[in-house]
Number of protein chains: 2
Amino acid sequence: MSSIKEVAKHAGISSASVSIYLNDKSTNRVSAETKIRIEQAIKDLNYYKNVFASSLSTQKSKLIGIIIPTILPLFSNDYTNTLLSGIQTRLSSFGYGLLFFPSSAQSSIEIVKEQLENSAGCDGYILFSTGFCTMKQILKNIGELKKTQRPFVTLNIPQVDNTVNQVLIRDLDISTGVRHLIEKGHNNILLLLGRAGGEHAYFLKKDFQQTMERNKLDYSDKKILYGNYSAETAYSVVKSAILNFPDTTAICCMSDIMASSALQAVFDLGKSVPEDISIIGRNNSLYSRLSNPELSTIDLHMHQAGLSSANLLLDTLSGNTGIQKILLSGTLIERNSVKTLNRESNHDS
Amino acid sequence: MSSIKEVAKHAGISSASVSIYLNDKSTNRVSAETKIRIEQAIKDLNYYKNVFASSLSTQKSKLIGIIIPTILPLFSNDYTNTLLSGIQTRLSSFGYGLLFFPSSAQSSIEIVKEQLENSAGCDGYILFSTGFCTMKQILKNIGELKKTQRPFVTLNIPQVDNTVNQVLIRDLDISTGVRHLIEKGHNNILLLLGRAGGEHAYFLKKDFQQTMERNKLDYSDKKILYGNYSAETAYSVVKSAILNFPDTTAICCMSDIMASSALQAVFDLGKSVPEDISIIGRNNSLYSRLSNPELSTIDLHMHQAGLSSANLLLDTLSGNTGIQKILLSGTLIERNSVKTLNRESNHDS
DNA sequence: ATAAATATGTTAAGCGTTTAATTAAAATAA
DNA sequence: TTATTTTAATTAAACGCTTAACATATTTAT
C-alpha cells in the first residue's frame with residue numbers, strides 16, 4: 001500500500017500538494033503540470049487514499065453506522081432489507097457509505113453496546129428496532145446511542161420521547177387491516193403476529209384487542225397466533241388454529257410472508273381463499289403480489305421510511321439541531337384475498 | 001467525543017495503560033485497581049474507541065469492503081441479499097464488520113473505481129458480479145481490485161483465471177433445469193433470463209442452446225425471454241411469448257421471482273400449471289415455496305456461497321497465500337410445477 | 001545482602017492524511 | 001524601481017490510538 005508521501009516523492013513534490021489536489025481536483029493551488037505528475041504518480045504506484053487516516057484527520061468519515069439489534073443473520077429479513085435499500089439509496093447519493101459492525105452478543109442491549117464500542121468516528125447512526133426488542137431494551141439502546149454524542153435517528157421503533165429523531169411506521173397499522181376485515185363483515189378474526197415478547201408484538205396485540213372491542217366483537221388471547229416471522233411456523237400455527245376455530249372467517253397477518261403461508265395452510269385444509277377464509281397481509285412486498293390469489297395487504301412504505309430516515313440524518317448532519325419525528329401510515333392495498341361477507345350469515349359459513 | 005487521553009487523565013494514568021487494558025482486559029500490565037479506575041473513567045466520559053485512529057495505528061481495520069457493481073439500490077435483490085447474509089454471518093463471528101462505499105457512477109467500472117478510491121485501509125474485499133457486468137468489465141474490475149494489493153475474493157463471477165480467489169455457482173446451472181424439463185418429456189421450452197447484455201445472461205443462453213441442441217431439440221433465439229429480473233416485465237414478456245408460441249410446454253426461469261410471475265401470466269391466460277405448462281424456477285428462495293403450486297426450482301446455495309466466500313477471505317487474511325477456487329453446483333428441488341409429459345403427445349397438448 | 005525476576009507503569013514515535021501558517025518566486029501595479 | 005499581489009509550493013502540527021522500549025518499585029531467589 002503506497003502512501004501519499006510516496007506519491008509525493010514520486011512526483012517530486014510535497015505530500016501537502018498531493019492532498020490538496022486530491023481533495024479538490026480543480027484547485028488552483030496546484031499547477032496544471034504538477035497535477036499531471038500527481039496523476040501519473042498515482043497510477044504508477046496504484047495509490048488509494050487511506051480512508052482511516054483521512055477520516056481521523058478531518059474528523060469526518062462520510063460513514064454511517066447501521067445498528068440492528070438482532071441475533072439473526074443480517075440481510076435475511078424482508079422488512080429490514082427494504083429499509084436498508086431506502087437508506088442506502090439516499091445516503092449513497094450524498095456520498096455516505098454504510099458500516100455494519102460485528103457483534104457476537106446474544107441480547108439486544110449487548111449487541112448495540114458491542115457494536116458501538118469500536119465505532120466512534122462514524123458521522124452518525126441509524127438505529128433499527130426489531131421484533132426482539134422490548135420497550136425497555138429500546139430505551140436502553142437509545143441511551144447508548146445518545147452517549148456517543150453523534151447524530152442518530154431511530155427507525156421503526158415504537159414512538160419514544162421527543163428528544164430523539166425518529167421515523168416510524170405507526171405500529172397501530174395492524175388496525176387498518178383489522179378494520180378492513182370488520183368492514184367487510186368479518187367478526188371471527190385470527191391475528192397472526194411474529195414473535196411474542198417484543199414490543200412490536202405487544203403493540204399490535206393491544207391494538208387488535210382495542211379494535212375488536214370497540215367493534216363489540218369477541219376477543220380472545222387464543223386467537224392471537226405467533227408465526228415467528230417464518231413461513232414454516234406460520235403455516236403450522238395457522239393450520240392448527242383453523243382446526244381449533246372452524247368458525248374463523250379471516251386472518252390478519254403481520255407480514256406478507258406469513259400471510260402467504262397462511263394461504264397455503266388454508267388451501268391444504270381443503271378450503272379456499274377468499275371464499276372460505278379471507279387473508280390480509282402486511283408490507284405490500286413482492287410476496288403479496290406473487291401469491292395466488294394476490295393478497296390484500298397494508299403497504300407500510302418501508303422504502304420511503306428508509307429514505308426518510310436517511311434524509312433526517314442528513315439534515316441533522318448538516319447542522320439542523322431541531323428534533324424531528326416523521327410518522328408514516330400504512331395504506332390499504334385491496335386485492336383478491338378478502339371476501340365481502342353478509343353480516344347475517346358469517347357465523348354459518 | 002472524549003479521547004483515550006481524557007480517559008487516562010481522568011483515571012490518573014497514561015494513555016498507554018488505557019490502551020493496553022482496552023485491547024486485553026485480562027492483561028497483567030495493568031493492576032486490578034487501575035482497571036477499575038479506567039472502567040470508571042470510561043463510564044464517566046462516555047468513551048468509545050475511535051475506530052479510525054485504531055485502524056490507522058494497527059494497520060488493521062477488521063472491516064471488509066463489499067463491492068457490488070450495480071446502479072440499482074443495494075439490498076433490493078434477492079440473490080445479493082442471500083449472499084450478503086451468508087457473508088455477514090461468517091465475518092461477524094470472526095469480528096469483522098462490513099463496509100459499503102457510496103458511488104454515484106453509472107457504469108460497472110466507474111462504480112468499482114469510485115468505491116475503491118477512498119477505501120484503502122480495509123482488510124480485504126469481496127467483489128460481486130451482477131447482471132450488469134460483461135466479461136470485459138468483470139476482468140477490469142478484478143484488475144482494479146488487484147491494484148489495491150489487499151486480499152479479495154470474487155463471488156458469483158463467471159470463472160476467471162487462477163490468480164484470483166473465487167467462489168462461484170456454476171453458471172451452467174440453468175442446464176440442470178433445462179435437462180430436468182427435457183427428461184420429463186418437454187421439448188418446447190421457453191427460457192426466461194434477466195437482463196440481456198450481461199455475462200450471466202450470455203452464459204446461460206449459450207448453455208441453454210447447447211443443452212437443447214445436444215438433445216436434438218429446436219432452438220431459437222426468439223424463445224429466449226428477458227424479464228429484467230422484475231416481476232412486472234417477466235409477467236408481460238411471458239404472456240406475449242405464450243401467445244406467440246402456443247405450443248410451449250415449459251418455461252425455465254432464471255429466478256424464482258420471475259418464475260412466480262410466469263406462473264401468474266400462465267394462469268391469467270386461462271392455462272394451468274403444471275397441467276398445461278410446466279415452470280421451473282431458480283434459487284430455491286421463499287418465493288418458490290410460497291407460490292401455488294409450489295415451484296420446482298434449482299437451489300443455488302446462495303447462503304452457502306456467501307459463507308464460503310467469507311471463509312475464503314478469512315483464510316487469506318490469516319496468511320494463506322494459496323489461490324483457491326470454490327465451485328458450488330445447483331441442486332434440483334422437485335415440487336409441483338413440472339408435469340411429466342408423454343413424449344408422443346407433447347406436441348398436441 | 002545482592003541479584004534476578006516480576007509487576008506496573010510511562011515515554012515517545014509512528015500510522016497516513018489534512019490544513020493553517022509560512023515561504024519564495026513571479027507577475028503586476030504604482 | 002519598489003511595493004503589492006498572485007501563484008505555487010512547503011512545513012509542521014494535529015487527529016486518536018498502539019506499541020516497542022524504557023523505568024521504577026516490589027518480590028523472590030540465592
Side-chain angles (χ1 to χ4, degrees), chain A residues 1-38 41-42 45-63 116-123 148-150, chain B residues 1-38 41-42 45-63 116-123 148-150:
Chain A
M1 300 266 38
S2 48
S3 72
I4 200 172
K5 276 189 189 169
E6 300 172 63
V7 171
K9 191 194 244 179
H10 191 276
I13 51 169
S14 76
S15 60
S17 293
V18 178
S19 178
I20 289 163
Y21 167 68
L22 246 27
N23 287 300
D24 174 14
K25 302 215 170 183
S26 66
T27 182
N28 54 11
R29 294 187 52 193
V30 175
S31 71
E33 317 142 69
T34 305
K35 286 181 182 180
I36 293 171
R37 289 217 311 284
I38 295 175
I42 288 176
L45 300 176
N46 289 328
Y47 170 76
Y48 291 92
K49 192 197 283 187
N50 186 304
V51 62
F52 301 119
S54 167
S55 296
L56 179 59
S57 181
T58 59
Q59 300 287 83
K60 294 217 176 317
S61 66
K62 284 280 180 176
L63 251 22
L116 255 23
E117 216 144 76
N118 297 293
S119 81
C122 282
D123 291 352
T148 68
Q149 315 245 49
R150 292 282 168 170
Chain B
M1 298 264 40
S2 48
S3 71
I4 200 172
K5 274 190 190 171
E6 300 172 63
V7 171
K9 191 193 243 178
H10 190 277
I13 51 170
S14 76
S15 61
S17 293
V18 178
S19 177
I20 289 164
Y21 166 68
L22 246 27
N23 287 301
D24 175 15
K25 301 215 170 183
S26 65
T27 182
N28 52 12
R29 293 188 53 193
V30 175
S31 72
E33 316 142 68
T34 305
K35 285 181 182 180
I36 292 170
R37 290 216 312 283
I38 294 176
I42 287 176
L45 301 176
N46 289 330
Y47 170 76
Y48 291 93
K49 192 197 282 188
N50 185 306
V51 62
F52 301 119
S54 165
S55 296
L56 180 59
S57 180
T58 58
Q59 299 285 83
K60 295 218 177 314
S61 65
K62 283 280 181 177
L63 249 24
L116 255 23
E117 218 144 75
N118 298 294
S119 80
C122 284
D123 290 353
T148 67
Q149 314 245 51
R150 291 281 168 173

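Numbered from 1 within each chain, the chains take letters A, B, ... in sequence-line order.
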Asks: For C/dT19, does either OP1 or OP2 sit under 4.0 Å from a side-chain N or O belonging to A/Y21?
Replies: no

Asks: Between B/Q59 and B/A32, which has a closest nucleotide on DNA chain C that is more 5'?
Replies: B/A32

Asks: Kindly point out which of C/dT8, D/dG16, C/dG16 is positioned nearest to the side chain of B/R29?
Replies: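 The answer is C/dT8.
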
Asks: Just the rounded figure in Å: distance from C1' of D/dT11 to CD1 of A/I13.
Replies: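 It works out to 14 Å between those atoms.
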
Asks: Could you tell me the separation between the NZ atom of A/K35 and the P atom of D/dA9, rounded to a whole number of Å?
Replies: 10 Å

Asks: C/dT17, D/dC15, D/dC17: which one has an atom nearest the side-chain heavy atoms of A/S3?
Replies: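 Side chain of A/S3 sits closest to C/dT17.
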
Asks: Just compare D/dT18, D/dA8, C/dG9 and give me whichever is closest to any side-chain atom of B/I4.
Replies: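 It is D/dT18.
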
Asks: A/K60 NZ to C/dT18 P: how many Å, rounded?
Replies: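 Interatomic distance, NZ of A/K60 to P of C/dT18: 14 Å.
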
Asks: Start at the 5' end of DNA chain C and walk down; is the nucleotide closest to B/T58 or to A/S17 reached first?
Replies: B/T58

Asks: Base, sugar-phosphate, or nothing: which does A/T34 touch, judged by heavy atoms less than 4.0 Å apart?
Replies: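 Sugar-phosphate contact only.
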
Asks: Would A/L45 and A/H10 satisfy side-chain contact (heavy atoms from CB on, under 4.5 Å), going step by step from the backbone distance to the final call?
Replies: CA-CA 9 Å; A/L45 300 176; A/H10 191 276; 3.8 Å; yes

Asks: Working note: A/N50 + A/S3, criterion side-chain contact (heavy atoms from CB on, under 4.5 Å); need CA distance, chi angles, decisive distance, verdict.
Replies: CA-CA 8 Å; A/N50 186 304; A/S3 72; over 6 Å; no

Asks: For the side chain of B/A16, starting at C-beta, report the closest nucleotide among C/dT17, D/dT10, D/dT19.
Replies: D/dT19

Asks: So does B/S57 reach the base of D/dG16 with its side chain, donor to acceptor, closer than 3.5 Å?
Replies: no

Asks: Within the 4.5 Å heavy-atom criterion, are A/K49 and A/N23 side-chain neighbours or not?
Replies: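 Yes; the side chains approach each other to less than 4.5 Å.
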
Asks: Within the pair A/N23 and C/dT18, is there a side-chain N or O less than 4.0 Å away from OP1 or OP2?
Replies: yes

Asks: When only distance counts, do a donor and an acceptor, one from the side chain of B/S54 and one from the base of D/dC17, lie under 3.5 Å apart?
Replies: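 Side chain to base: no pair below 3.5 Å.
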
Asks: When the distance from CZ of B/F52 to C1' of D/dT18 is rounded to whole Å, what number comes out?
Replies: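 Distance check: B/F52 CZ to D/dT18 C1' gives 17 Å.
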
Asks: Rounded to whole angstroms, how far apart are CG on B/N50 and C1' on D/dG16?
Replies: 6 Å

Asks: If you check every side-chain atom of B/S31, which of C/dT18, C/dT8, C/dT10 has the closest atom?
Replies: C/dT8

Asks: Where the side chain of B/S14 is defined as all heavy atoms beyond and including C-beta, which of D/dA9, C/dT11, C/dG16 is the nearest nucleotide?
Replies: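 Nearest to the side-chain atoms of B/S14, counting from C-beta on, is C/dT11.
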
Asks: Round to a whole Å and report the spacing from CG of B/L22 to C1' of D/dT18.
Replies: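 Those two atoms, CG and C1', are 11 Å apart.
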
Asks: Can you check the A/I20 CD1 to D/dT7 C1' distance for me, whole Å?
Replies: 13 Å

Asks: Contact between A/R37 and A/V30 at the side-chain level, heavy atoms closer than 4.5 Å - yes or no?
Replies: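 The answer is no, as the side chains (C-beta and beyond) never meet within the 4.5 Å cut-off.
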
Asks: Among the nucleotides D/dA9, C/dT10, C/dT19, which one has an atom lying closest to any side-chain atom of A/S19?
Replies: C/dT19

Asks: I'd like to know whether A/S119 forms a side-chain contact (heavy atoms from CB on, under 4.5 Å) with B/V51, so could you lay out the CA-CA distance, the side-chain angles of the two residues, the decisive distance to 0.1 Å, and finally the verdict.
Replies: CA-CA 5 Å; A/S119 81; B/V51 62; 5.7 Å; no

Asks: Are side-chain heavy atoms of B/L22 and B/Y47 found at a separation under 4.5 Å?
Replies: yes

Asks: Rounded to whole angstrom units, what separation is found between the CG atom of B/L56 and the C1' atom of D/dT19?
Replies: 14 Å

